[in-house]
Structures are given as structure tokens and as C-alpha cells.
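This report refers to the structure that appears directly beneath it.
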Amino acid sequence: MRTLALVFAALFSLAANAQSWPQKPVRFIVPFAPGGATDIAARMLGEKLSQLWGQSVLVENRAGAGGSLGAAEAARAAADGYTLFFPSGSVMTANQHVYAKLNYDPERDFVPVTNVVSGPQVLVVPANSPYKTVKQLIDDARANAGKLTFGHAGIGTQTHLAAENFLYQAKIEATSVPYKGEAPAMVGLVGGEISFALTNMAAAIPHISAGRLRALGVTSKAEAPQLPGVPPIAKTLPGFENAGWFGIVAPAGTPKEIVQKIYRDTRKTLETTEMRARFYAQGLMPVGNTPAEFAAAMKEETKLWAKVVKERKIEVK
């Protein structure tokens with residue numbers, strides 16, 4: 001009886017802790033520089049969760065090594081729910097195949113909470129670029145192998161893998177130029193340092209709207225309503241499709257009750273008309289799947305990127 005009483009006491013304590021959590025500010029570690037799609041999504045969600053929780057949600061950017069630096073810091077954090085990791089998909093599903101030495105283990109060091117949002121990428125070039133269509137860019141790349149350059153948020157990131165997938169499907173080559181985040185890559189593209197990029201819509205839309213970049217195609221099967229008149233790349237490369245996602249994981253050992261609360265509150269926030277509209281404007285679709293569904297989806301995506309990384313010979317030793 002005493003043992004049973006202790007078990008019930010422990011369960012009651014966990015439930016009580018989850019109900020009272022959070023009692024201080026919560027930290028989102030974003031593994032990329034400010035201004036990219038990962039950062040934008042984290043800040044939009046954090047703003048609403050801070051209102052719901054009555055505690056600040058602080059976004060801390062820890063850029064470097066394709067998201068690995070931020071991941072390693074998050075993995076070392078206390079498993080109490082007050083430090084959460086807000087990665088893009090590649091950090092959790094591709095980096096282990098790209099980097100020979102990784103200072104974190106996506107499965108061992110984290111527990112899934114929920115996939116927050118997902119969305120397509122867009123192929124963009126500088127406003128003064130000679131390329132007006134996807135076909136023109138592909139034709140020039142074929143005629144001048146290795147001449148074109150493409151920028152991205154770092155080796156193994158979603159924007160890098162999207163571009164590699166495009167090159168693979170188009171049977172062309174171009175020179176990779178890594179930046180320390182998606183926003184710096186956009187600045188480099190606007191300044192003419194690189195020829196093109198396949199970037200997340202959230203990072204590109206402000207530059208497209210301001211006339212600094214020209215959108216040639218989107219990676220979704222259908223036209224994106226946020227970019228009317230911009231055709232799917234699949235019209236030039238039949239069957240081509242690519243998408244990215246941004247979600248929440250917690251350090252391994254975080255109490256299940258707290259993980260479930262974060263998931264439920266995030267889903268509640270994502271279901272509001274306001275948040276759906278705000279994410280829609282950024283080219284992002286709310287997801288809000290369960291921790292179990294999120295874990296299964298990441299496992300499947302990990303298998304996919306293992307194949308692409310191997311075929312494209314993407315590696316960092």
C-alpha cells in the first residue's frame with residue numbers, strides 16, 4: 001500500500017507541475033539567424049503563447065553549422081520545459097547524414113512536441129537577373145556547367161537541400177554558397193553575390209513584394225496563392241515538389257505532462273483565425289500534429305533525406 005501511495009503521489013506531483021507550468025519565461029532556441037523562415041515562425045508563435053501562458057517566450061538565435069550549434073545547446077539544456085528547440089526539418093532529419101561528426105543526436109537528445117507549420121519554397125533571382133523563367137535558368141546552367149551559384153542557410157539546411165533536389169531533378173550543376181542563415185542569404189542574393197536561391201517563402205516574400213527579387217517558380221504542385229502568377233517548378237520539371245517545416249522539440253527527459261501541455265497549447269493557438277491568417281501571409285500552413293505523429297513523420301523524412309544526401313554526395317567531414 002505504501003508503494004502504491006508513493007506512485008500516486010508522484011503522479012499527482014507531475015500533473016500539478018504540468019498545470020502550474022510555466023512559472024517563468026520560456027526560451028525558444030532557433031538555430032538560424034534572425035529574419036529567416038524558422039525565426040519568423042518561432043517569433044509569431046512565441047508571441048501568442050506568451051499571451052496564453054502569461055510568461056514571456058524569448059527567442060534566442062544560435063546560428064551556425066547548418067543548425068547544429070543551436071541543436072547542441074538545446075540538447076544540453078535542462079529538461080524542464082523552459083528551454084525548447086525550434087528547428088527547421090533538416091536539423092532533425094538530414095544533418096545526421098550530412099555531417100560526419102554531429103554534436104547532437106536528433107532521436108536520443110530530443111522528444112518531439114509538434115510540427116508547427118510547413119510550406120513550399122520559391123526559386124528566386126535578383127531583380128536585375130537575366131532569367132525570367134525556370135527554363136531560362138536551367139538552359140543557361142546546362143550550357144555553362146558550374147557557372148551559376150546558389151545561396152542557402154548552410155550546408156544541410158532545408159534551403160540547401162531544396163536547391164540540391166532541384167539541381168538533381170533538372171540534371172544541372174551549380175556552385176553552392178553557404179551563408180549563416182536564410183536572411184543573410186537573401187541579402188547576398190539581393191546584392192548580386194549569387195545567381196539564385198530556393199528559399200522559404202516567408203523569407204523571400206518581403207523582397208519579392210519590394211521588387212528586390214524576382215520569383216521564377218514555387219516548389220508546390222500548384223501555384224501558391226501568396227505569389228499569384230508564379231508557376232510551379234513542376235511545370236518545367238514534371239513531378240518536382242519540395243516543402244519545408246518548422247516545429248518544436250524538447251530536451252530528452254522533459255516530463256510528458258509538460259510536453260503534452262505545450263503541444264495542446266500550440267495546437268490551440270494554431271487553430272485561431274488570426275494565426276492561420278498570419279501564417280498564410282507568410283506562405284506557411286499550420287500543422288499541429290501530435291508528438292507521436294510528429295515522431296513518425298520525422299522518421300520517414302529521415303529515410304528520404306538519407307537517400308538524397310547520398311545521391312548528391314553532400315557531406316561535411
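Everything numeric in this text was worked out from a predicted model, so none of it was measured. Start at 1 with the first residue, then count along the sequence.
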Residue pairs meeting ring pair (Phe, Tyr, Trp, His ring centres under 6.0 Å), one or both in residues 125-152, sequence neighbours left out, come to F150-H152, F150-F196, H152-H160
Rounded distance [0.5 Å steps], CG in N200 versus CG in L284: 7.5 Å
Without swapping roles, check the side chain of Y179 against the backbone of V187 for a donor-acceptor pair under 3.5 Å. no
With rounding to the nearest 0.5 angstrom, report the OG1 to CG distance, T199 to L189. 8.5 Å
Does A203 offer a backbone N or O that forms a donor-acceptor pair with the side chain of E182 under 3.5 Å? no
Considering residues at least two apart in sequence or located in another chain, which fulfil the ring-ring contact (aromatic ring centres under 6.0 Å, His included) criterion with F32? none
In Å, rounded to the nearest 0.5 Å, how long is the span from CG of N115 to OG1 of T266? 11.0 Å
Quick one: do Q226 and Y280 satisfy side chain to side chain donor-acceptor pair (under 3.5 Å)? Show the steps, please. CA-CA 8 Å; Q226 297 88 346; Y280 174 86; 4.7 Å; no
Residues that S68 engages under side-chain hydrogen bond (donor to acceptor under 3.5 Å, both in side chains), provided they are two or more places apart: N95
Do the side chain of Q136 and the main chain of K132 share a donor and acceptor less than 3.5 angstrom apart? yes
If you define the side chain from C-beta out and look only at heavy atoms, does anything of M92 sit under 4.5 Å from W245? yes
Report whether V98 and F110 are members of the same hydrophobic cluster (ILVMFWY, side-chain heavy atoms less than 4.5 Å apart, transitive linking). yes
Using a strict 4.0 Å threshold on nitrogen-to-oxygen distance, state whether E300 and K303 make a salt bridge. yes
Does T254 use its side chain to pair, donor to acceptor, with the backbone of A250 at less than 3.5 Å? no
Answer whether the closest heavy-atom distance between the side chains of F28 and I248 falls below 4.5 Å. yes
If we ignore hydrogens and angles and just use 3.5 Å, is the side chain of T159 paired with the main-chain N or O of A153 as donor and acceptor? yes
Short question: side chain of D109, backbone of Y104 - any donor-acceptor pair under 3.5 Å? no
Should V117 and V113 be counted in the same cluster of Ile, Leu, Val, Met, Phe, Trp and Tyr side chains packed under 4.5 Å apart? yes
side-chain hydrogen bond (donor to acceptor under 3.5 Å, both in side chains) involving E274 - partner list, sequence neighbours excluded: K48
Say whether, by atom type as modelled, one donor and one acceptor occur between the side chain of R142 and the main chain of A170 under 3.5 angstrom. yes
What pairs of residues pass the side-chain hydrogen bond (donor to acceptor under 3.5 Å, both in side chains) test when at least one of them lies in residues 25-36, not counting sequence neighbours? R27-E60, R27-E73, R27-T83
Just do the side chain to side chain contact (heavy atoms under 4.5 Å, CB included) check on S176 and I314 with the steps written out, would you? CA-CA 11 Å; S176 165; I314 306 168; over 6 Å; no
Sub-4.5 Å side-chain heavy-atom contact between N61 and D39: yes
Is it the case that the side chain of Q121 and the backbone of A162 share a donor-acceptor pair, with hydrogens and angles ignored and the cut-off at 3.5 Å? no
I'd like to know whether CD of E107 has more than 12 heavy-atom contacts from other residues, nucleotides or ligands below 6.0 angstrom. no
Would F294 and V287 count as a side chain to side chain contact (heavy atoms under 4.5 Å, CB included) if you check the C-alpha gap in whole Å, the side-chain angles of each, and the deciding distance to 0.1 Å? CA-CA 10 Å; F294 191 23; V287 179; over 6 Å; no
Partners meeting ring-ring contact (aromatic ring centres under 6.0 Å, His included) with F166 (sequence neighbours left out): none
With a 4.5 Å limit on heavy-atom distance, are the side chains of T290 and Y263 in contact? yes
Calculate, to the nearest 0.5 Å, the distance between atoms OH and CG belonging to Y168 and L161 respectively. 14.0 Å
I'd like to check the ring-ring contact (aromatic ring centres under 6.0 Å, His included) partners of W53; sequence neighbours left out, ordered by chain and number. W21
Hey, quick one: are V230 and L237 part of the same hydrophobic cluster, counting side-chain heavy atoms closer than 4.5 Å, chains of contacts allowed? no
For a 4.5 angstrom cut-off between non-hydrogen side-chain atoms, does K261 reach I258? no
Please collect all salt bridge (Lys or Arg N to Asp or Glu O under 4.0 Å) contacts where either partner lies in residues 225-239, sequence neighbours excluded, each pair once. none
Using a 4.5 Å cut-off on heavy atoms from C-beta on, say whether the side chain of V30 contacts that of R62. no
Side chain to side chain contact (heavy atoms under 4.5 Å, CB included) for V111 and V249? Distances and angles first, verdict last. CA-CA 6 Å; V111 292; V249 297; over 6 Å; no
Could you tell me if the side chain of R278 sits less than 4.5 Å from the side chain of Q282, heavy atoms only? no
Are more than 12 heavy atoms from other residues, nucleotides or ligands located less than 6.0 Å from atom CE of M285? no
Separation between CG of L216 and CD1 of I138, rounded to the nearest 0.5 Å: 10.0 Å
If you round to the nearest 0.5 Å, how far is CG of L213 from CD1 of I208? 6.5 Å
Side-chain donor or acceptor of Y82 paired with backbone N/O of Q23 under 3.5 Å: yes
Side-chain heavy atoms of I262 within contact of L49, under 4.5 Å: no
Say whether V125 and I205 are linked into one hydrophobic cluster, either directly or through other cluster members, by side-chain heavy-atom distances under 4.5 angstrom. no
Checking side chain to side chain donor-acceptor pair (under 3.5 Å) for the pair N165/N242: CA distance, chi angles, key distance, verdict? CA-CA 8 Å; N165 196 13; N242 208 87; 2.9 Å; yes
Sequence neighbours excluded, the answer for ring-ring contact (aromatic ring centres under 6.0 Å, His included) partners of F246 is none
For P232 versus S220, what's the shortest heavy-atom pair and its separation? CB-O, 3.3 Å
By side-chain contact (heavy atoms from CB on, under 4.5 Å), which residues pair with P25, not counting sequence neighbours? Q55, S56, L58
Quick one: closest heavy-atom pair of P126 and S195, and the distance? CD-O, 3.4 Å
Verify the cluster assignment for V177 and L198: are they in a single hydrophobic cluster under the rule of side-chain heavy atoms below 4.5 Å apart? no
With a 3.5 Å distance limit and no angle check, can you tell me whether R267 reaches the backbone of G288 through a side-chain donor-acceptor pair? yes
Residues that E193 engages under salt bridge (Lys or Arg N to Asp or Glu O under 4.0 Å), provided they are two or more places apart: none
So, for M201 and L227, which heavy atoms are closest and what is the spacing to 0.1 Å? CE-CD1, 3.9 Å
Qualifying salt bridge (Lys or Arg N to Asp or Glu O under 4.0 Å) pairs with a residue from residues 146-170, counting only residues at least two apart or across chains: D140-K147, E164-R312
Show your reasoning for whether side chain to side chain contact (heavy atoms under 4.5 Å, CB included) applies to T219 and F240. CA-CA 7 Å; T219 63; F240 180 81; 3.8 Å; yes
